[in-house]
Amino acid sequence: MVELIAERFAYGVIIILMMTGLYAVVASANLVKRMVGLGLFQTSVFLLYITISKVLGGAPPILEYPFPATPDETVYSNPLPHVLILTAIVVGVATLAVGLALVVRIREAYGTIEDGAINEADYALDTERAGR
Amino acid sequence: MIDMIVTDPTLLIEYTLMAMLLAVGVAIVRLRDLFAVVMLLGVYSLLSAAWFVSLDALDVGFTEAAVGAGISTLLLLAAMLLTARSAEPVSAIRHWSAFAVALAGGAALFYAIGDMPAFGDPDAPANAYVGLQYLERTQADIGVPNVVTAVLASYRGFDTLGEVVVIFAAGLGVMLLLGMGGRKPRKDGEGEE
């Protein structure tokens with residue numbers, strides 16, 4: 001049992017980090033802070049993937065160059081998750097940019113970025129229309 | 001394997017980074033000053049970039065440092081300057097319901113942890129098949145020493161092309177939302193900007 005936990009210690013820490021991000025997403029009324037929470041969650045998921053790709057005693061996946069004639073016996077970490085996460089980092093910034101552009105537009109239209117105040121403004125508009 | 005986990009000195013660095021990440025994560029959640037929150041997210045990205053390097057993911061490390069800690073922070077700072085400087089406090093009921101959601105999600109993930117391969121296991125399914133094939137074939141197929149580059153630009157080139165399409169779509173979306181340049185003034189004469 002102790003060994004099982006000790007060998008998976010890093011995953012446990014990453015799960016706590018992930019849940020910190022989830023908490024920030026759910027609990028933040030401020031939209032910019034909610035985007036920050038999303039970033040926190042996202043970075044922690046990247047950490048989870050890269051942790052899985054690590055091989056103890058392994059080297060970074062960069063081969064010796066010029067290539068040796070004899071077969072390479074070095075142990076390397078798994079390059080595939082690295083590639084997937086490289087793509088995910090860049091896509092993450094793209095979604096962050098769109099999300100923040102939406103936040104800026106909401107600020108222009110409503111004058112606030114607190115979700116309670118936005119809901120109240122929407123509600124007031126609806127009741128005004130219904131009363132007309 | 002457990003002896004290695006306890007004694008390997010690079011793992012001590014990793015434990016330090018883990019503790020710093022946890023502290024920064026909690027600080028981000030607790031603070032209400034948005035400038036501090038945004039800067040701490042940059043710090044968080046930089047710390048995780050350091051951990052990536054320590055986990056042998058050099059390319060991911062410098063991409064995270066440049067894009068995650070650099071461009072993301074810049075975007076968030078710009079958005080913060082255009083909107084608000086501080087967040088309003090949340091109600092207790094919202095705090096505790098969000099806490100319950102995070103706790104339930106965390107408990108489910110912790111329950112699943114026993115099925116994960118041990119940290120750094122070379123025989124883990126994730127490390128045994130495709131990744132190994134890429135390492136073995138890159139020299140003959142592509143001839144580039146950096147295997148990550150070979151996979152990104154050649155084996156999975158279409159993936160990267162799709163990524164470029166996503167960035168293009170996102171850029172287009174931002175331009176449409178913010179109306180770069182010529183937005184028409186309103187009919188009643190009051191300019192919106």
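Being a predicted model, the structure only gives us computed values, none of them experimental. First the proteins, then the strands, lettered A, B, ... as listed; each starts at 1.
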Part of B:L82 lying under 4.5 Å from any heavy atom of chain A: both
- request: Starting at CZ of A:R8, measure out to CG of B:D115 and round the result to the nearest 0.5 Å.
  value: 8.5 Å
Segment of B:L152 engaging chain A (4.5 angstrom heavy-atom cut-off): both
task: Answer with side chain, backbone, both or neither: which region of A:I106 has an atom nearer than 4.5 Å to a non-hydrogen atom of chain B?
output: neither
query: Among B:G173, B:G143, B:P89, which residue forms the greatest number of heavy-atom pairs with chain A at distances under 4.5 Å?
result: B:G143
message: Below 4.5 Å, heavy-atom pairs only: which of B:T83, B:L40, B:L41, B:V26 has the largest tally toward chain A?
response: B:T83
- line: Tightest non-hydrogen contact, residues A:P68 and B:Q139, listed as O-NE2, 3.8 Å
message: If I compare all heavy atoms of A:I50 with all of B:F52, which pair ends up nearest, and what's the gap?
response: CG1-CE2, 3.4 Å
statement: Correct closest heavy-atom pair for A:P79 and B:V147 would be CG-CG1, 3.7 Å
query: Does any non-hydrogen side-chain atom of B:R32 lie less than 4.5 Å from one of A:N30?
result: no
Structural part of B:A57 lying under 4.5 Å from a heavy atom of chain A: both
message: So for B:S54, is it side chain, backbone, both, or neither that comes closer than 4.5 Å to the heavy atoms of chain A?
response: backbone
query: Would you say the side chain of B:T63 lies within less than 4.5 Å of the side chain of A:F46, judging by non-hydrogen atoms?
result: no
- prompt: Where on A:L40 is there a heavy atom nearer than 4.5 Å to chain B: the side chain, the backbone, both, or neither?
  reply: both
- request: With a 4.5 angstrom heavy-atom cut-off, could you sort out which part of A:T112 is near chain B: side chain, backbone, both or neither?
  value: neither
query: So what's closer than 4.5 Å to chain B heavy atoms on A:I52: side chain, backbone, both or neither?
result: both
query: With a 4.5 Å heavy-atom cut-off, do A:T43 and B:L21 have their side chains touching?
result: no
- prompt: Does CD in B:E136 sit with more than 12 non-hydrogen atoms of other residues, nucleotides or ligands closer than 6.0 Å?
  reply: yes
statement: For A:P61 and B:L135, the nearest pair of non-hydrogen atoms, with its separation, is CB-CD2, 4.1 Å
- request: Test side chain to side chain contact (heavy atoms under 4.5 Å, CB included) on B:W51 and A:I14 and set out the steps.
  value: CA-CA 12 Å; B:W51 196 3; A:I14 289 167; 4.0 Å; yes
task: Please state whether the side chain, the backbone, both or neither of A:A59 comes within less than 4.5 Å of a heavy atom of chain B.
output: backbone
statement: Bottom line for B:L75: the part with an atom under 4.5 Å from chain A's heavy atoms is both
- request: Measure A:L31 against the heavy atoms of chain B and call it side chain, backbone, both or neither at under 4.5 Å.
  value: neither
message: Are the side chains of A:H82 and B:D59 in contact, using a 4.5 Å heavy-atom criterion?
response: no
- prompt: Is it true that atom OH of A:Y49 has more than 12 heavy atoms of other residues, nucleotides or ligands lying nearer than 6.0 Å?
  reply: no
Proximal component of B:T160, with respect to chain A [non-hydrogen, under 4.5 Å]: neither
- prompt: Under 4.5 Å between any side-chain heavy atoms of A:L80 and B:R156, yes or no?
  reply: yes
- prompt: Heavy-atom distance under 4.5 Å to chain A: side chain of B:S91, backbone, both or neither?
  reply: neither
- request: Report the distance from atom CG of B:L47 to atom CG of A:L47, rounding to the nearest 0.5 Å.
  value: 10.0 Å
- prompt: Closest approach of B:E88 and A:E114, non-hydrogen atoms and distance?
  reply: N-OE2, 3.1 Å
statement: Honestly, the part of B:V24 sitting under 4.5 Å from a heavy atom of chain A is neither
statement: Among A:V103, A:I16, A:V26, A:L22, the residue with the most heavy-atom pairs under 4.5 Å to chain B is A:V26
message: Taking atom CZ as the centre, does A:F67 end up with more than 12 heavy-atom neighbours from other residues, nucleotides or ligands that are less than 6.0 angstrom away?
response: yes
query: Looking only at heavy atoms, what is the nearest atom pair of A:V83 and B:V148, with distance?
result: CG2-O, 3.7 Å
- prompt: Is it the backbone or the side chain of B:L109 that comes under 4.5 Å from a heavy atom of chain A, or both, or neither?
  reply: both
field: Flag, side chain of A:K33 to backbone of B:D33, donor-acceptor distance under 3.5 Å
entry: no
Side-chain donor/acceptor of B:Y134 to backbone N/O of A:N78, under 3.5 Å: no
